[in-house]
There are 2 protein chains.
Amino acid sequence: MTATEVRRRQGGRSARVRQAVLEATLAVLRESGPDQLTVADVARRSRVHETSIYRRWGSRQNLMLDALLGAQDQRMPVPNTGSLYGDLLALATERAEYLSGSHGRALLRSMVMSSDDAVLIEMRDDFLQARFQSLKPLFDRAIDRGESLVETDPRLLLEMLFGPLYFRVLISREPIDREFLEHLVDRVAAVFGITGR
Amino acid sequence: MTATEVRRRQGGRSARVRQAVLEATLAVLRESGPDQLTVADVARRSRVHETSIYRRWGSRQNLMLDALLGAQDQRMPVPNTGSLYGDLLALATERAEYLSGSHGRALLRSMVMSSDDAVLIEMRDDFLQARFQSLKPLFDRAIDRGESLVETDPRLLLEMLFGPLYFRVLISREPIDREFLEHLVDRVAAVFGITGR
DNA sequence: GCCATAACGCAAGTGGACTTGCGTTAGAAT
DNA sequence: ATTCTAACGCAAGTCCACTTGCGTTATGGC
């Protein structure tokens, strides 16, 4: 057995502190916005010392990322419109709306700017993994209905669907209108042989 | 005529200062990397006062963005492989490689984090516009060869091609391998009715 | 050449992210 | 119940992005 075996603690005070800080972070985020959020604010509000916050999260960006990812876990709408085309359009529409909002923009910027140490990498990966996983039923239902003709790689499909949305929000900052969404979904659906528009 | 009409100066000292600062920025960027770059470093190296830099560029991020966009203007390879499919694959491959490198990652993060005041918006828009414009010949040649069957919206096509790359580099941080690139280009080409793989 | 002023230099300061060292508290294992 | 120590509290300090006020320089228009 290795000489040093760090036994981390997860319950009790640790958990309370964690929850208090994340709640405070979201509150400050709502009231002041992502650019105005200071770690001192969060510390005051959560009654947890600033030092403790830095020791656990390492940076302001990482803290915001953790809080925003946690908040995301709640509201994860999986559309069910009766057709895969409809589902994809609904999904893209909802995502575009969320990502364009201040909450979404804050999350994206946090994901982009967060460091790439092991903990953060795992956090991001878990989140995306869960995201993709939660959309699996959507494809299963389509297969049951016999809608998808081409062998479909859901992962690639979703990357082709979401990629352009992220591009617009993050890079070109063009607004995403309904016309663009429909064209995009049309093309994506077509390439994966999805019938039943 | 309006009361206040600001006559900006573009030549002489202004231009020299601008060039000196941007060169210094790139130099520091090469030597220290984007995270280690401080405005004080750039000021020392360019022999331009820190205050002047802030007055002109407003923020560290904006400065880096300007420098990196300028550096991009030089090396803009427009592939010509003889087929649109080949061109797109070459293009995606080159972009993926560049974006994954430290230089590219710095540019992306700068674009994401840069403020959205009028000057910056215009800077980004001009850059992207020029980018898309420079790729137009690629489609013209394809049309001449009779390769593209579907009415092709080059803008949408490029967004569908680049979007997933940006997604991987910025969000999921998955490496982009050759297999992914080929699948992606396959799909994009297919949906736009591009023949002649 | 002269003048108005845009752009720069300089000094001084503010605010906030992040660190360090040390003492204290409270889960968890025995 | 006792002990060990991870996690927290606290004070103090560093670093750097960014600002402000004021004097100085050097363009560009006349």
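Proteins come first, then strands; the chains are lettered A, B, ... in the order of their sequence lines, and each starts at number 1. Heavy-atom basis, side chains included; hydrogens, waters and symmetry copies ignored. Quick caveat: nothing in here was measured; it's all calculated off a predicted structure.
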Check: Ser32(A) side chain, Leu29(A) main-chain N or O, donor-acceptor pair, under 3.5 Å: no
Just one of Leu157(A), Asp140(A), Leu158(A) clears the side chain to side chain contact (heavy atoms under 4.5 Å, CB included) bar with Leu135(A), so which one? Leu158(A)
Taking the side chain of Glu50(A) as heavy atoms from C-beta outward, which of dC18(C), dC8(D), dA17(D) is closest to it? dC18(C)
Quick check on salt bridge (charged side-chain N to carboxylate O under 4.0 Å, His left out): which of Glu31(B), Glu23(B), Glu50(B) does Arg45(B) satisfy it with? Glu31(B)
Spacing of Leu63(B) atom CG relative to dC18(D) atom C1', expressed in whole Å: 13 Å
Between P of dC8(C) and CD of Gln19(B), the distance in whole Å: 14 Å
Just to be sure I understand the geometry, which residues of residues 102-111 of chain B put a non-hydrogen atom under 4.0 Å away from DNA chain C? none
Any donor and acceptor pair, going by atom type alone, linking the side chain of Gln61(B) with main-chain N or O of Met113(B) inside 3.5 Å? no
Do the side chains of Glu174(A) and Arg155(B) get close enough for a salt bridge, i.e. N-O under 4.0 angstrom? yes
In whole Å, I'd like the distance from the CE atom of Met64(A) to the P atom of dC18(C). 12 Å
Interface with DNA chain D, restricted to residues 52-61 of chain A and to heavy atoms under 4.0 Å: Ser52(A), Arg55(A), Arg56(A)
Write down the distance between CG (Asp41(A)) and C1' (dC18(C)), rounded to a whole number of angstrom. 16 Å
How far does the helix from dG1(C)-dC30(D) to dT30(C)-dA1(D) bend, going by the axes of its first and last five pairs, to the nearest 10°? 50°
Considering only heavy atoms from C-beta outward, does the side chain of Tyr98(A) approach that of Leu165(A) to under 4.5 Å? no
Once you apply a heavy-atom cut-off of 4.0 Å, does Arg18(A) come out as touching a base, just sugar-phosphate, or nothing? nothing
Do the numbers put Arg168(B) on top of the ring of Phe180(B), so that NZ or CZ is under 6.0 Å from the six-membered ring centre and no more than 45° off the axis? yes
Heavy-atom side-chain proximity of Leu156(A) to Phe192(A) below 4.5 angstrom: yes
Strand-adjacent residues in residues 25-37 of chain A, judged by heavy atoms under 4.0 Å from DNA chain D: none
Is Asp66(B) close to Val21(B) at the side-chain level, that is, under 4.5 Å between some pair of heavy atoms? no
Sidechain N-carboxylate O distance under 4.0 Å for Asp144(A), Arg141(A): no
Could you tell me whether a side-chain N or O of Arg47(A) sits under 3.5 Å from a main-chain N or O of Ala20(A), the two making a donor and an acceptor? no
Quick test: give all pairs of protein nitrogen or oxygen and nucleotides 11-15 of chain C nitrogen or oxygen below 3.5 Å, distance rounded to 0.1 Å.
{"from": "dA11(C)", "atom 1": "N6", "to": "Thr51(B)", "atom 2": "OG1", "distance (Å)": "3.4"}

For Tyr166(B), all residues meeting ring pair (Phe, Tyr, Trp, His ring centres under 6.0 Å), sequence neighbours excluded: Phe167(A)
With side chains defined as the heavy atoms from C-beta onward, is the minimum distance between Ser114(A) and Arg124(A) less than 4.5 Å? yes
Determine yes or no for a side-chain-to-main-chain donor-acceptor pair under 3.5 angstrom, with Arg60(B) supplying the side chain and Leu37(B) the backbone. yes
Can you see if the side chain of Arg16(B) gets near the phosphate of dT25(D) - specifically, an N or O under 4.0 Å from OP1 or OP2? no
Using side-chain heavy atoms (C-beta onward) and a distance below 4.5 Å, is Asn62(A) in contact with Val119(A)? no
Beyond-backbone contact of Pro34(A) with Arg105(A), side-chain heavy atoms, under 4.5 angstrom: no
